[in-house]
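Okay, so here's the structure we're looking at.
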Amino acid sequence: MSSIRVIPPSFKLKKSITAVFSPTGGYLAQIGRRVFVWDVAQCTIVSDFKVISNEIYLAFSGDQKIIAVKNTSGKLAFVDVPSGKIIASSDKSKTYTEGGQPQFLIKESLLLDGDWDGVLRLVDPMSARDVGSFAFTGQYKVSAIATSLQRARYVVAVNNKYNQPGGSRLLLYEEPLRLDQPDTILPQDESQKNDGGWLRIETLAMHPSGGKVAVALSAPPYGSTTVQLIDLDGNSSLTIVLPSYRHHVRSLSWSTSGIVAVSVHENLYRKGQTPEETRELMRNTPHSHVCFYSDSSGDLIVQWPWVDARTVAFSPNDDALVVTSREQPGMYMVKAELQRIGLTLGEAGR
C-alpha cells in the first residue's frame, strides 16, 4: 500500500454531501446550499438552482439535458441543465418516502426510482408522473439502484425493513424493463447470506461495462462490513475487506480501469466508553477515509484520511475523481494526479 498522502485538488468544489458526473463526464453536479452544475472542462458553474428543499440525490438524463433532483422525503424535481429552470415536480398532495439514488434509463427518457415503502417506479421527467410501478411486500424497502453507461442493465437492492424472515434481495433488470419480472442475484457463499437472502445492503456501484456490480454488505446489527465484487455474467465473486470492521460504507465508485473507490466512516464508540471519551476520539482520530482497491485482487492500493468523506465518484472516462464533504470542499483530480498516488488508470485489472 502507498503511503498515506492526499494530493492537492485541481480545483475546489462547493462543500456538499453528494456529487455526480453526467454520462459523458462533461458536467458535474453537486448539492451544497443549492444544486450546482459545473462544466468540467472549463471549471465553471453552468447553472445553480433551488427547486426543492432538502435535496439528497441527483441523476442526469442520457442526453445531459435534464437533471433529476430528489429530496429526503422522496419527492422529485426535473430541471433543465443549461438554464436551471424547473420542468416538472412531484405531486405535493402525495406522500413519498426517501429510498435510494434514482437512475435514468439508458434507452428511454424515463427515471427509475424506488422508495422506503418498497415501491419501484418509472417516472416521466416531463410530467414527474409514474408511468409504471411495482410494489414489493410490506417488509421490504428499495435502498439502492446501480446502472452502467455502456449497457441497459440495472441492479436494485431491496432491504428487509423489520428483520423479518427472508433477508435482503438483489435484483437484476434489463431493458425493456418489466418491473415485476426481475432476475434474482443469489449470494454465492455463506458469508453473504442472511436467512435465505443477502445481508443488509448498504450501497451499490456497477462497473461501467455493466458486467460486474460492487455491493457493500453489513452483518446485523453492528457487524463487519465487506464489499463484494460480483460477476453478473458468471459465477464468481471477490471479497474486499475494509480496514476496520466498524467502518460503514457511505459511497462506492468503480472506474473503467479497474479501481474501486470506497468512502467509509468509522464508528469510534467502544463498549463501556463514555460520551466524552468518544468525542475526544472523534476530535483526534481520523475516522472517515477514502480507500482505493484493485478489483482484480481486492488489495488496498491507498487509503486517504478525509474529514466527513461522503460521495466518491470517478468520471465516466476516468479523467477525474470527486470526493465530497461537509467539512472540506469537494475535490476534483485529473488523471495525472491520480497516477501520482499509484492509481495507474488504464493498467489496473478488470
Side-chain angles (χ1 to χ4, degrees), residues 10-72 74-91 99-113 121-131 145-150 152 154 175 206 208 251 253 310-324 329-332 334:
S10 298
F11 66 88
K12 294 182 179 180
L13 300 176
K14 303 291 184 179
K15 295 181 179 182
S16 64
I17 60 170
T18 192
V20 297
F21 284 99
S22 64
T24 66
Y27 291 125
L28 172 71
Q30 63 169 153
I31 297 172
R33 294 181 182 272
R34 301 164 63 83
V35 175
F36 297 91
V37 181
W38 295 79
D39 180 309
V40 174
Q42 300 299 320
C43 303
T44 57
I45 293 175
V46 175
S47 60
D48 66 276
F49 46 85
K50 180 79 173 180
V51 296
I52 192 171
S53 62
N54 302 315
E55 310 96 325
I56 190 169
Y57 297 119
L58 301 168
F60 279 98
S61 63
D63 60 8
Q64 304 184 118
K65 294 180 179 180
I66 299 174
I67 188 167
V69 186
K70 184 176 179 181
N71 72 4
T72 54
K75 294 186 181 295
L76 293 164
F78 295 92
V79 179
D80 177 73
V81 169
S83 69
K85 293 182 178 179
I86 191 166
I87 298 169
S89 61
S90 295
D91 188 336
Q101 168 77 45
Q103 300 285 352
F104 272 93
L105 300 192
I106 304 300
K107 296 181 180 179
E108 297 183 70
S109 297
L110 296 174
L111 186 78
L112 179 63
D113 187 30
R121 57 172 58 91
L122 290 171
V123 186
D124 177 6
M126 305 312 295
S127 65
R129 294 180 178 176
D130 296 354
V131 296
I145 302 173
T147 187
S148 72
L149 296 173
Q150 301 176 19
Y154 312 85
E175 291 190 42
M206 199 179 291
S251 175
S253 184
R310 297 282 177 149
T311 300
V312 54
F314 284 105
S315 65
N317 52 15
D318 275 357
D319 279 338
L321 171 75
V322 161
V323 182
T324 65
M331 306 280 186
Y332 170 90
V334 297

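Here the CG-OG distance, from N71 to S89, works out to 10.5 Å after rounding to the nearest 0.5 Å. One finds the CG atom of D113 at 6.0 Å from the CD1 atom of I145 (value rounded to the nearest 0.5 Å). Note that CD1 of I56 is 6.5 Å distant from OG1 of T72, once rounded to the nearest 0.5 Å. Between atom NZ of residue K50 and atom CD1 of residue I31 there is a gap of 9.0 Å, rounded to the nearest 0.5 Å. Between the CG atom in L111 and the CG atom in L122 there is a gap of 8.5 Å [rounded to 0.5 Å]. Atom-to-atom distance recorded for T324:OG1 and L28:CG is 10.0 Å, nearest 0.5 angstrom.
In this structure the side chain of F21 reaches within 4.5 angstrom of the side chain of V322, judged on heavy atoms. Residues V69 and L58 meet the side-chain proximity criterion, which asks for heavy atoms closer than 4.5 Å. Two residues are said to be in side-chain contact when any heavy atoms from C-beta on lie closer than 4.5 Å; K14 and I45 meet this criterion. Looking only at side-chain heavy atoms (C-beta outward), I86 and F49 stay at 4.5 Å or farther from each other. V79 has its side chain out of reach of V35: every pair of non-hydrogen atoms, C-beta onward, lies at least 4.5 Å apart.
Between P23 and F60, the closest heavy-atom pair is CD-CB, 3.7 Å. Heavy atoms only, all atoms of each residue included: S90 and A128 are closest at N-CB, 3.9 Å. Pairing each heavy atom of S148 with each of I106, the nearest pair is O-CD1, 3.2 Å. For the pair A59 and P102, the tightest heavy-atom approach, listed with the atom from each and the gap, is CB-O, 3.6 Å. Closest non-hydrogen pair, Y27 versus D39, comes out as CD2-CA, 4.3 Å. Heavy-atom minimum distance, Q30 versus A19: CB-CB, 3.9 Å.
Using a cutoff of 4.0 Å between basic side-chain nitrogens and carboxylate oxygens, E55 and R34 are not scored as salt-bridged.
At least one donor-acceptor pair under 3.5 Å links the side chain of E175 to the backbone N or O of K107. In this structure a side-chain-to-backbone donor-acceptor pair under 3.5 Å is present from T311 to I17. At least one donor-acceptor pair closer than 3.5 Å links the side chain of S61 to the backbone N or O of I66. In terms of modelled atom types and a separation under 3.5 Å, the side chain of K70 and the main chain of G100 share a donor-acceptor contact. Listed for the S47 side chain is no donor-acceptor partner under 3.5 Å among the backbone atoms of V37.
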Legend entry - Audit row: L110, D124, side chain to side chain contact (heavy atoms under 4.5 Å, CB included) steps and yes/no: CA-CA 5 Å; L110 296 174; D124 177 6; 4.3 Å; yes
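Relative ring orientation between F78 and F104 is described as perpendicular, the plane-to-plane angle rising above 60° on a 0-90° scale split at 30° and 60°.
Side chain to side chain, T24 and Q64 meet the donor-acceptor criterion of an N or O pair below 3.5 Å.
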